[in-house]
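Comments concern the structure below.
Order of the sequence lines sets the chain letters (A, B, ...), proteins ahead of strands, with each chain counted from 1. Side-chain atoms are counted along with the backbone in the values below, which use heavy atoms only and exclude waters and symmetry mates.
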Amino acid sequence: MAGAEAVKPVLELKGRMMTLTVLRLLDPSVEVLARELDRRVQEAPEFFRFLPVILDVEAVAESDLYLDLPGLAGLLQARQFVPVGIRGGGEDWREAATAAGLAVFPAERDSGGGENRRRAATEEPAARAVATEAGMVVTQPVRSGQQIYARGGDLVVMSAVSPGAEVLADGHIHIYGSLGGRALAGVRGDTSARIFCQAFRAELVSINGTYSVSEQFEEALRGEAVQIALNGDSLDIRAL
Amino acid sequence: MAKIVVVTSGKGGVGKTTTSAAIGAGLAKAGHRTVLVDFDVGLRNLDLIMGCERRVVYDFINVIHEEASLNQALIRDKRVDNLFILAASQTRDKDALTEDGVERVLTELSRDFDYIICDSPAGIERGALLAMYFADEAIIVTNPEVSSVRDSDRVLGILASKTRRAANGEPPVREQLLLTRYSPLRVQKGEMLSVEDVKEILAIDLLGVIPESQAVLNASNAGVPVILEEESDAGQAYQDAVARFLGEERPHRFLQLEKKGLFGRLFGG
């Protein structure tokens, strides 16, 4: 046994693409940032717990906030974030980051998407897909009488889900065709799970056990591209 | 090796047997040795549609139970060369079909024929499952109405998961849609689903559209495959479907209302 282990490689270096949350700093005041962080964390404490983040300092690069970078990192850690590194900023920032034990990532090229990205990072639960493996992808149509369950993750259906078919996922459900059957997301208690589809003709949709049937859907949404999220005790179905 | 083609639908009464007879006769006319096998044990109809009901001595079940040889049971069609019929038993039920027995008969037929057309019974029980199990290709017969489309969808799911090809991890059964009893007038009135609607729901290739036609009923009553009624709209639509099945490209016909003549336009109608 020991001999077998000896010949096994003990290290492997691999390039991997990961989704990481970027925290854009838009105000150079540590107090203001701390207050805003507290507010966000209070809204969704579970979501932020141990969330790896990269600090995008592009917007505050000209300020002297870099002097407070170690303090800022500590402040994030105290709120159970895991600051991984910084992005943007000049030589001062890079030195400060290295001193604070943070990595330096190259600045973003297309700053146009910055605004959307920030919102995605802070509001969309999808950002939590940080380190989980990719969900299940189904390329064939899901036919009447068939049932597909993506355990432990998202379900992506590239085609239609027919009337009489049922798709379930612990995470989100994305359907790039018509949803004619039943779709149940977050079946093991994830209230932040959502359902997305290109053409909404579902028989039933459910998120974490809160369900709604065809009869209750707004007529105007029938056949439209929609997303479905849980909002308190009811489902929020809106056009995409 | 023969190609095994199942003609199936889930729902009954949509035109499976009419289609089996027409496609089989069409393939045979095109020079391919073809055998029609009736899997609807207990409710045998194919022999009636083919007009050979008085010539049935031995049937599919007899061959499965080795009470007769294939040569004794195969009925040669009198109108079309290369066309044979293996009738179902009327006195037995579908439990008389066994997977081993069906496989043995199909293997034996494969040696002599180019195409084996399996006429499936309605439903998704034993007879239907065995009719599709060994298939290489499937023709899904669907009427343009919601229940038929849903049943076809169900059958497509079974074809994708419960056939020999699926079990062996081979390339999937090729699935093609044949829309029957299509009436452009009723589509226009909103009483029927359109070709586009059905194609969107089932998402498979369209082999053909057969118009609702008196010719189908007349041909069935006369025991003639409707494809042999070469002047009729349904007969021509089946000829197109067979040509497409064999790889030819043909435009779909009979999808639009006939253009009204001068009087029609003047007086509405």
Problem - Ring geometry between A:Y176 and A:H174 (parallel below 30°, tilted from 30 to 60°, perpendicular above 60°) - result: parallel
Exercise for the section: May I ask you to check whether over 12 heavy atoms, not counting those of B:R44, lie within 6.0 Å of atom CZ? Expected result: yes
Completion exercise
One option among B:A203, B:S152, B:G157 has the most heavy-atom pairs under 4.5 Å with chain A, and it is B:G157
Exercise for the section: Ignoring hydrogens and angles, tell me if any N or O in the side chain of B:D38 forms a donor-acceptor pair with the backbone of B:A87 under 3.5 Å. Expected result: no
Exercise for the section: Name the option with the most non-hydrogen atom pairs under 4.5 Å to chain A; the candidates are B:I204, B:I201, B:L156. Expected result: B:L156
Problem - Proximity of B:F254 and B:Y182 rings by center, below 6.0 Å - result: no
Problem - Heavy-atom pair count under 4.5 Å with chain A, highest-scoring of B:L202, B:D151, B:V149, B:I124 - result: B:L202
Completion exercise
Of the listed A:P163, A:A199, A:S178, the one with the largest count of heavy-atom pairs under 4.5 Å with chain B is A:P163
